[in-house]
Amino acid sequence: MESSSPQVSVLDAGGQYCHLIARKVRELGVYAEVRASETPAAELADRKALIISGGPASVYEEASPKVDPAVFSCGPAVLGICYGFQLMVFNLGGEVERGERGEYGMATLAVMDPGELLVSGEQQVWMSHRDTVSAIPAGFRLMARTDTCAFAAVGDAARRLYGVQFHPEVVHTRHGAGILKNFLFEVAGCTKDWDPKNRVPLIEQQIRETVGNRKVFFFVSGGVDSTVAYTLCLRSLGPDRVRGVYVDSGLMREGETDFVRDVFQSMGASGFSVESQEPIFLAALQGVCDPEQKRHIIGEKFVEVQERILAGLHGEDWILGQGTIYPDTIESGGSAKADVIKTHHNRVAGIQRLIAGGRIVEPLTSFYKDEVREIGAELGLPAELLGRHPFPGPGLAIRCICSTAEGYVENTPDGWLIPIHTVGVQGDSRTYNPMIAIEGRPIPGSGLHHQATVLINRLTGINRVVASIASICPLETLRVFAASLTPDRLARLRRADAIVRRMAEESGFDREVWQFPVVLIPVGQGKRRDAVVLRPIHSVDGMTAQSVPMTEALLSRISGELMKVHGVSAVFYDLTNKPPATIEWE
Ligand code: XMP
């Protein structure tokens with residue numbers, strides 16, 4: 001897909017967002033490649049623009065990503081983003097100050113001097129950083145700041161060097177696309193050379209090249225990604241060379257198997273079958289609490305089933321097809337330097353072996369969810385399927401939180417500290433911390449989400465802030481029970497999830513959100529030993545997310561029904577954005 005000398009190179013300084021930057025540039029009609037940050041300037045001198053990505057490091061760490069200092073004078077215009085900005089300042093004689101706590105989430109940008117890069121006026125931007133720039137190099141001028149960040153955007157028009165502390169590539173930065181557009185066309189003089197409509201014929205050609213004379217075997221999940229990948233293979237290779245199996249792991253949502261069977265029947269996929277493997281998965285997960293271990297076990301079980309099936313395909317040369325999309329690869333460290341936030345089930349050891357052996361075809365690895373949906377629509381897949389919310393491969397297992405320890409809820413001046421550990425991502429590093437519950441209703445205009453953002457930026461060692469919606473008793477009398485993945489708890493979560501899904505669909509709320517995980521946590525009292533957490537979020541690609549408010553009427557209806565579920569003690573509402581929290585709790 002890559003032309004030999006692209007106009008734009010994105011230098012990967014270790015952020016999860018570097019491929020997102022490349023994609024945003026392509027959306028603006030200019031092809032961009034991703035290169036290692038250390039790429040010698042001599043190899044980049046013929047580019048029109050270089051963008052240095054964000055990353056988790058501090059310029060003061062010895063092993064932190066570097067750039068060849070000559071990139072700032074070898075010809076192309078340069079934009080440094082977040083850590084890339086700090087790297088630029090540091091290299092050119094400015095100062096970077098170490099920060100302990102950092103700033104994560106929304107901020108208001110005050111633009112003093114938009115120049116050729118920024119869009120005038122006060123605007124929302126997305127921050128995710130620890131260190132800050134405290135003095136800019138000679139020749140640079142200050143263009144914008146925020147309350148907490150004295151140098152939020154700077155530039156040197158003569159040398160065509162610009163730096164922004166916020167992330168223009170994420171949707172939460174109001175004029176992010178406009179800023180990138182200004183940089184590419186106004187500052188760097190790029191011309192349009194990329195049309196997204198090229199992508200389907202290109203993907204099909206890549207599939208034929210990868211597969212050669214072999215045949216492709218898919219594990220389909222009924223999700224958008226695997227269905228689109230399957231359909232692309234079906235189109236480029238023909239139905240005789242593509243087979244699909246749906247493995248019922250027992251970790252799926254209510255009614256899922258029937259839905260998937262119906263979809264594939266209506267697509268006329270001849271080589272499609274369902275394999276029921278629930279007892280095998282549940283036995284392997286018995287007593288397992290650790291999220292990473294759950295993912296590994298589920299991934300390995302899928303691989304075992306797959307290896308058994310592949311072994312049964314005698315005399316034929318089959319390879320595995322997967323619907324892995326871009327975020328699945330980066331959050332597992334697919335960008336050269338991004339920390340492993342968690343291992344995706346599509347990247348466990350067994351799959352790595354197949355990748356190493358060249359026995360995998362993954363047509364969607366450079367695309368994001370919204371692009372995959374667009375491709376699906378171009379392929380004529382039904383809107384009912386394409387509109388489905390993403391659902392994680394390991395299924396309800398990673399929404400059924402377990403605990404080895406017992407513990408008590410503690411009433412603190414900031415709220416109720418609940419010793420349940422959940423995953424977060426701060427400045428691109430993975431964290432695993434307890435959560436805090438506060439009072440209030442997360443209804444539109446309540447200000448509760450803002451309160452949660454302020455709280456989480458102030459507190460260290462906390463990943464999530466939830467609102468307490470309903471409880472059988474005062475929160476300080478709730479406790480955390482030792483609990484694992486039992487059929488009983490999975491059934492409880494499946495029920496709760498089905499209730500929430502039905503009500504969200506009936507009210508139309510499901511169309512207002514990008515995803516709506518329902519999570520079970522072992523927090524309760526007496527015989528009611530679990531609580532349900534609602535996690536409705538808005539996102540564009542899963543890389544960043546905002547918790548979404550809900551009307552009081554819907555909130556009361558949902559929590560009322562959930563409190564009737566056997567064993568449920570309380571209902572909470574996750575108010576945290578990503579970052580610092582991830583969308584899923586594990
Ligand atoms: P996080 O929790 O990382 O989620 O903010 C981002 C998106 O990825 C989905 N997700 C997964 N999908 N296997 C998957 O197939 C996984 O292990 C997994 N973990 C998270 C999540 O639902 C969200 O859409």
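These numbers come from the heavy atoms of this one structure, side chains and all, not from hydrogens, waters or symmetry mates. Every number for a ligand or one of its atoms is a count from 1 in the order of the listing.
- When side chains are defined from C-beta on, Arg261 counts as touching Asp258, because their heavy atoms get closer than 4.5 Å.
- Close approach to Gly542 involves these atoms of ligand 1, each under 4.0 Å from a residue heavy atom: 6 (C).
- Residue contacts with ligand 1 for Lys369 are absent, since no atom lies close enough (heavy atoms, distance under 4.0 Å).
- Distances between N or O atoms of Lys578 and those of ligand 1 include at least one value under 3.5 Å.
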Checklist entry - After noting the C-alpha distance and the side-chain angles of Asp574 and Thr576, does the key distance pass the side-chain hydrogen bond (donor to acceptor under 3.5 Å, both in side chains) rule? => result CA-CA 6 Å; Asp574 191 344; Thr576 335; 2.6 Å; yes

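- Using cut-offs of 30° and 60° for the angle between ring planes, the His421 and Tyr432 rings count as tilted.
- With a 4.0 Å heavy-atom cut-off, ligand 1 is reached by the side chain of Gln515 but not by its N, CA, C or O.
- For the pair Ile583 and ligand 1, the shortest N or O to N or O distance falls below 3.5 Å.
- Looking at ligand 1, you won't find any N or O of Pro390 less than 3.5 Å from one of its N or O atoms.
- Atoms of ligand 1 lying under 4.0 Å from any heavy atom of Arg295, numbered from 1 in the order shown and given with element: 16 (C), 17 (O), 18 (C), 19 (N).
- Taking the side chain as every heavy atom from C-beta outward, Arg130 and Tyr104 approach each other to under 4.5 Å.
- With hydrogens and angles disregarded, a donor-acceptor distance shorter than 3.5 Å links the side chain of Arg464 to the backbone of Val423.
- Ring pair Phe516/Phe509: centre-to-centre distance below 6.0 Å.
- Within the 4.0 Å heavy-atom shell around ligand 1 one finds Trp514.
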